[in-house]
Amino acid sequence: MEPEKIRQDFPIFQEREDLVYMDNAATSQKPRQVIERVKKFYGQENANIGRGMYDLANDANNAYRNARRKVAKFIGAKPSETVFVRNTTEAENLLARSLEIDGEIVLSRMAHHSEQLPWRRKAEEENLETSYIETEDGRISLEDAKRKITGETSLVAISHISNVFGAENPVEEIVEIAHENSAIVVLDAAQSVPHIPVDVKELEVDFMCFSGHKMLGPSGTGVLYGRKDLLEEMEPYQVGGGMIRKVTEQLVEHEKVPEKFEAGTPDVAGAVGLGAAVDYLGETGMKNIYQHDRDLAQKIVEGLQGIRGVNVLSPEHSNLVSFTAEFAHPHDIAEVLNQKNIAVRAGHHCAQPQMDELGVSGTTRASPYLYNTEEEGEKLIEAVKEVKEVFDK
Amino acid sequence: MYRDEILDLYKNPRNEGELDTDHRAEGENPNCGDSTEIFVEIEEEEIRELKHRTDGCAISTAAISILTDEIQGMKVSEVRELDRDWMLDKLGIEVTPMRIKCALLGLETVQDALDR
């Protein structure tokens with residue numbers, strides 16, 4: 001894989017030549033292929049989907065359907081199991097609203113607020129117990145998972161890769177424990193689908209949520225994967241146009257899945273753009289991206305560990321680098337880096353309970369992606385050294 | 001932004017400590033994790049002494065140091081009237097929009113403490 005060549009596809013790096021963009025865990029940049037595809041949809045194919053009898057509406061329908069097919073294939077799912085939503089948060093909220101459970105909900109300490117709060121609200125409203133699997137060296141503790149997931153458990157909501165640490169959790173093992181206890185597994189894959197090959201059938205998860213904008217797609221795009229039998233049992237999240245088969249005064253018959261969960265006009269152009277993003281990732285090769293992101297993160301880790309006072313929180317084989325420094329607050333580090341045109345994230349990363357457990361107010365996080373080069377990694381390390389010089393004076 | 005004076009106030013905050021007073025308040029910026037607790041001693045409607053315990057970034061810590069120095073001896077009514085422009089002016093550096101909350105954490109907490 002050649003990041004230097006890949007960069008050429010991203011207009012933002014031509015516009016902002018010196019930009020070192022390492023906040024990919026928040027959102028990714030978009031290649032020309034995605035931007036052009038969205039533009040083409042609006043310029044040549046735009047119509048509402050679902051109802052139109054004319055050719056243009058047919059083109060729009062086909063574009064949307066193709067996008068769904070591509071995204072489904074990308075994660076090893078069927079199109080009927082692939083629901084388009086706005087983002088991971090919406091997918092989690094949809095599930096928490098529509099999925100009926102009657103037992104305990106098991107979450108993780110490292111959970112992003114978006115995979116935590118919808119379930120906490122459900123638990124509160126429906127009087128369900130919750131418990132949290134502890135974190136062990138940046139990963140969900142398998143030992144603790146064995147303790148927390150019991151016969152009382154109805155649902156286990158965990159993330160594939162934490163946005164705080166960047167390390168892969170032992171998902172397959174946790175799925176096995178959950179299924180032995182007849183519990184449903186919801187996987188937050190917002191940080192994994194963009195970075196590693198993911199196949200829902202191999203992972204055997206029951207539901208999976210991820211965002212399109214973190215994987216080169218347009219903002220406002222996200223996906224809920226669900227096992228078909230479970231999706232079919234569920235009540236729709238929102239009701240309205242586009243999700244019904246028949247409505248009379250007495251009766252409402254819902255569409256089949258996935259349309260049942262897509263009330264109203266969806267973000268058609270966004271979905272089409274996400275289809276183009278998936279094409280781009282597929283052509284680059286997810287295995288290559290996986291290797292590249294980890295290698296670059298590892299190089300950054302090695303560089304940072306050479307700076308006295310820096311503490312790297314990401315465990316080995318992570319695809320991002322979370323760190324703190326004795327000499328400066330995360331926000332000050334990010335600010336000085338920004339003065340050198342390096343974009344990183346600082347704060348609690350929407351995981352306050354995890355920050356509390358770590359005993360830090362926040363971390364600085366550099367999250368590389370396919371277009372980041374080794375040279376950029378070195379720039380980052382040099383910049384952190386300069387932060388130290390400024391603050392250690 | 002990180003002038004020597006700011007860095008000095010960050011590394012050696014002024015007026016750190018606690019006071020036995022009812023006029024105390026905690027403030028935090030949950031988004032960045034900055035937190036402070038400020039203790040104010042009031043005598044005859046005047047700020048007699050201030051102390052604080054702060055765990056924050058350079059901007060919030062420096063701002064609290066400057067603030068606690070500046071308002072000692074001021075009238076309570078005057079302190080209530082102090083605003084963002086006053087604080088940014090005293091801080092004396094260009095603060096980016098994302099950091100304004102850091103700069104104002106101390107002032108908001110002090111004003112909160114006065115109402116206790």
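Computed over heavy atoms, backbone and side chain alike; hydrogens, waters and symmetry mates excluded. By convention in this document, chain letters (A, B, ...) are assigned in the order of the sequence lines, proteins followed by strands, and residues within each chain are numbered from 1.
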State which residues pass salt bridge (Lys or Arg N to Asp or Glu O under 4.0 Å) with A:Asp392; sequence neighbours excluded, sorted by chain then number.
->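 A:Asp392 satisfies salt bridge (Lys or Arg N to Asp or Glu O under 4.0 Å) with A:Lys388 only.
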Taking only residues two or more places apart in sequence, or in another chain, which ones meet B:Glu43 in a salt bridge (Lys or Arg N to Asp or Glu O under 4.0 Å)?
->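 Per chain and number, B:Glu43 pairs via salt bridge (Lys or Arg N to Asp or Glu O under 4.0 Å) with B:Arg48.
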Is the number of heavy atoms from other residues, nucleotides or ligands under 6.0 Å of [X] [atom1] greater than 12?
X	atom1	value
B:Arg116	CZ	yes
A:Glu125	CD	yes
B:Asp115	CG	yes
B:Asn12	CG	yes
A:Glu129	CD	no
A:Glu357	CD	yes
A:Glu375	CD	no

Residue B:Asp8 versus chain A: region with a heavy atom under 4.5 Å |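 B:Asp8 has no heavy atom closer than 4.5 Å to chain A.
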Find the distance between CG (A:Asp332) and OG1 (B:Thr61) and round it off to the nearest 0.5 Å.
->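 Taking CG in A:Asp332 and OG1 in B:Thr61, the distance rounds to 8.0 Å.
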Between the side chains of B:Asp34 and A:His329, is a donor N or O closer than 3.5 angstrom to an acceptor N or O?
->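 Yes, side-chain donor-acceptor contact under 3.5 Å.
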Measure across A:His331 and B:Tyr2 and return the closest heavy-atom pair with its distance rounded to 0.1 Å.
->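 Heavy-atom minimum between the residues: O-OH, 4.3 Å.
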Part of A:Ala346 within contact of chain B (heavy atom distance under 4.5 Å) =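 Contact with chain B is absent: no heavy atom of A:Ala346 under 4.5 Å.
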N/O donor-acceptor pair under 3.5 Å between B:Lys11 side chain and A:Phe391 backbone |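 Flag set: sc B:Lys11 to bb A:Phe391 pair under 3.5 Å.
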Which residues from residues 70-101 of chain B are near chain A, with near meaning under 4.5 Å between non-hydrogen atoms?
->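 Residues of residues 70-101 of chain B touching chain A at under 4.5 Å: B:Thr96, B:Arg99.
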Write out, in numerical order, the residues from residues 105-114 of chain A with a heavy atom short of 4.5 Å from a heavy atom in chain B.
->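 Hits under 4.5 Å: none found.
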